[in-house]
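Convention: sequence-line order gives letters A, B, ...; per-chain numbering from 1. Because the structure is a prediction, the values reported are computed rather than measured.
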Amino acid sequence: MAKLLRVNMTDLSVRFEDVPEKYALLGGRGLTSSIIYDEVPPLCHPLGPDNKLVIAPGIVSGTKAPTSGRTSFGGKSPLTGGIKESNAGGLSSQKIARLGIKAIIVEGQPKEKGRFYVLRVDKDGARLLPADHLKGKGMYEVCDLLWKEHGEGVAIIGIGPAGEMLMSAAGICVNDQENTAGRYAGRGGLGAVMGSKGLKAIVIDDRGGPGVEIKNPELFEQGIKKLTQASLTHDVTKKGGALNTYGTNVLVNIMNEAGGYPTRNFSSGRFELASQISGETKAEIIHKRNGEGMTGHPCHPGCIIQCSDRWANPDGTFKVSVMEYESVWALGANCGIGDLDKIADLIWLCNDIGVDTIEMGDTIAVAMEAGLLPFGDADGAIRLLNEEVRHGTPLGRILGNGCVFTGRAFGVTRVPAVKGQGMPAYEPRAVKGIGVTYATSTMGADHTAGYTIAPEILGVGGKADPFAVQKADLSRAFQATTAFIDSTGYCLFDAFCVLDIPEGFEGMVESCAGVLGVNWTTQDAIRLGYEIIRKERLFNEAAGFTRAHDRLPDFMTKEPLPPHNTVFDVPPEELDAVYDFSKWPKEVVGEVAG
Amino acid sequence: MIEIHLYGDLRRYIGQEDPRQDAVAFLNARLGLTVAEALQELGVPLDEARHIFINGLYDPEGLERKLQDGDRVGVFPRNMTMPHIRLFAPRTKHESQA
Ligand code: SF4
């Protein structure tokens with residue numbers, strides 16, 4: 001039977017507990033958000049002793065299900081003040097699951113400030129070890145040292161100096177098979193929550209672990225067969241498809257052509273240097289340099305989509321992983337920087353210091369808007385990260401707390417954020433559907449809720465043309481589906497193939513049902529998604545959020561964005577409809593009490 | 001003048017394979033010229049043209065559209081198929097006739 005591992009940082013004790021019945025069918029985000037909802041007081045300080053950091057592999061993580069090694073991290077966010085789930089690939093999910101652990105709950109706070117610990121988890125249990133020697137160190141060195149101490153191949157979850165300094169832009173890093181510090185649960189400042197617990201890193205050694213119990217192997221096998229088939233045939237996810245060939249950075253030219261590629265702190269939807277930093281150019285340079293770089297890299301064993309990459313320096317030596325769409329945009333176009341090698345330097349620094357690339361890109365662009373440095377000044381941006389943020393200078397602490405904090409410090413009004421969280425790389429004035437999701441998501445401005453499956457499965461209007469569906473209904477359905485997928489352990493990029501191939505989604509659901517020993521229909525899965533976002537919404541309401549927080553920044557409703565010269569004009573009533581429980585689809589969720 | 005921007009593997013049809021350079025073909029506007037006809041003129045096989053944007057607006061029926069002087073067309077191949085297609089509002093009837 002799988003267990004919960006509870007780690008108390010106040011008295012430095014660890015304890016394994018049975019999984020309560022109500023959590024038995026949950027995993028990933030469903031589990032982290034439920035535990036936060038049940039155990040964390042919504043009004044607590046995110047960096048105080050009452051907040052908790054919950055870490056959970058997905059339902060099928062640790063099995064042979066393809067592309068299923070995502071780890072969910074949850075807590076109350078110091079950036080948004082609301083509930084947060086942020087997930088990452090890398091080695092941790094499969095190993096936690098194979099040790100028979102359903103979730104790790106880190107709670108309390110050490111009495112002695114400034115002391116840090118490493119949690120080691122293996123088949124014999126868990127213990128806390130002093131980590132004084134890792135204090136202040138960047139994630140690359142932390143990963144090297146921990147592999148030396150604990151053996152090659154162990155999974156590492158850790159924070160850089162930004163997390164230790166409790167910066168709201170701090171993320172949580174997971175190593176990959178090459179032990180590169182490159183996979184991040186970046187959003188929402190959960191690195192600062194981990195830092196506030198005095199936890200520098202977690203080492204997971206799954207050798208000799210019991211593995212994951214599969215209650216209905218037949219159903220499981222049938223499910224992964226269908227999903228694998230969908231994944232291998234869809235143009236986005238197949239070998240040689242969009243993600244495998246160009247990575248997520250395939251989107252640069254597409255969004256730029258659509259006029260929705262935010263440029264220079266969201267002042268234009270087209271970047272004149274887009275072709276210099278596009279997915280096509282990235283792939284071409286990696287192949288030309290013909291050294292340690294590669295495209296089509298899996299961020300964890302068993303990923304069959306392989307959207308990750310390893311970027312090489314001009315001399316062919318390895319530089320950084322991963323040059324993905326959001327990071328390249330945030331530290332590139334959004335800062336007016338059109339040079340992939342400079343962007344690689346900036347991503348490398350974010351990954352070492354332990355800050356979210358999206359939040360830092362938004363922040364540096366706001367600093368540019370404030371006149372601290374000109375747009376396009378890559379060396380200036382490098383200096384800000386390496387000399388200010390890394391060392392926690394007063395300026396570094398302002399920047400390290402994100403774009404809203406920085407905008408306030410320097411009197412900038414064009415700050416692209418919702419609920420305190422900086423926006424990702426889709427301009428809501430050009431792509432209004434995602435604006436609805438940015439505005440209303442329980443997570444703050446978040447792009448990962450932007451994918452969906454066929455509308456007839458979601459129950460948002462029969463076999464209707466998806467474009468004819470109300471934006472509120474579509475966004476709500478997106479958000480619920482994403483919450484379900486985030487609970488499975490499958491990478492959200494699997495959503496692209498189940499989007500067009502209904503058997504793929506059936507397979508995804510059947511593989512989960514096979515592990516859990518239940519009979520789930522696709523409707524049951526979507527219902528679970530709705531239950532998750534409902535709990536998250538209720539947590540946020542109790543934490544003080546109102547409808548006024550479900551709005552895009554003022555400037556986006558006033559300043560027309562070139563080239564389309566449109567403003568964000570989705571009416572407030574439509575935004576409010578997304579979380580109006582009385583408008584939720586009854587055929588999927590039944591009657592929901594408000 | 002009409003600008004046609006080609007991406008990914010479609011670049012090669014106009015001899016611009018360096019992805020750092022924009023691959024743009026210019027055609028003279030002609031009454032009733034459709035996107036499909038323009039692509040055929042450039043030698044781009046229609047079954048390789050997966051997603052079409054006209055003046056930055058995604059157009060699911062893009063191949064059939066008639067072009068006008070000053071239009072900008074963006075064409076993406078199959079392996080740059082768009083993960084987020086459902087986020088884009090299509091051109092309305094009104095816009096496409098305008
Ligand atoms: S598709 Fe990409 S992000 Fe998802 S698991 Fe695979 S390599 Fe990681």
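- Residue contact with chain B, scored on non-hydrogen atoms closer than 4.5 Å, involves the side chain of A:E284 exclusively.
- Only the side chain of B:F76 comes within contact range of chain A, with heavy atoms under 4.5 Å apart.
- For the residue pair B:G8 and A:Y246, the shortest heavy atom distance occurs at CA-OH, 4.0 Å.
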Discussion item. Set out, in order, the CA-CA distance, both residues' side-chain angles and the distance that settles side-chain contact (heavy atoms from CB on, under 4.5 Å) for B:M80 and A:T245, then state yes or no.
Written reply: CA-CA 9 Å; B:M80 292 183 75; A:T245 308; over 6 Å; no
Worksheet item: Hey, mind stepping through B:N55 and A:H564 against side-chain contact (heavy atoms from CB on, under 4.5 Å) and telling me if it holds?
Response: CA-CA 9 Å; B:N55 299 323; A:H564 294 303; 5.9 Å; no
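- Taking CD1 of A:I277 as the reference point, atom CZ of B:R20 lies at 13.5 Å (rounded to 0.5 Å).
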Practice prompt. Check the pair A:E257 / B:Y7 against side-chain hydrogen bond (donor to acceptor under 3.5 Å, both in side chains), numbers first and verdict last.
Written response: CA-CA 10 Å; A:E257 186 64 39; B:Y7 294 100; 2.6 Å; yes
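- A distance of 14.0 Å separates NZ of A:K239 from CG of B:N79, quoted to the nearest 0.5 Å.
- For a residue to count as touching a neighbouring chain, one of its non-hydrogen atoms must lie under 4.5 Å from one of that chain's; by this rule A:L273 does not touch chain B.
- No donor-acceptor pair closer than 3.5 Å links the side chain of A:E280 to the backbone N or O of B:P19.
- Per-residue heavy-atom pair counts under 4.5 Å with chain A were compared for B:Q21, B:R72, B:R11, and the maximum is reached by B:R72.
- Only the backbone of B:V73 comes within less than 4.5 Å of a heavy atom in chain A; its side chain stays farther off.
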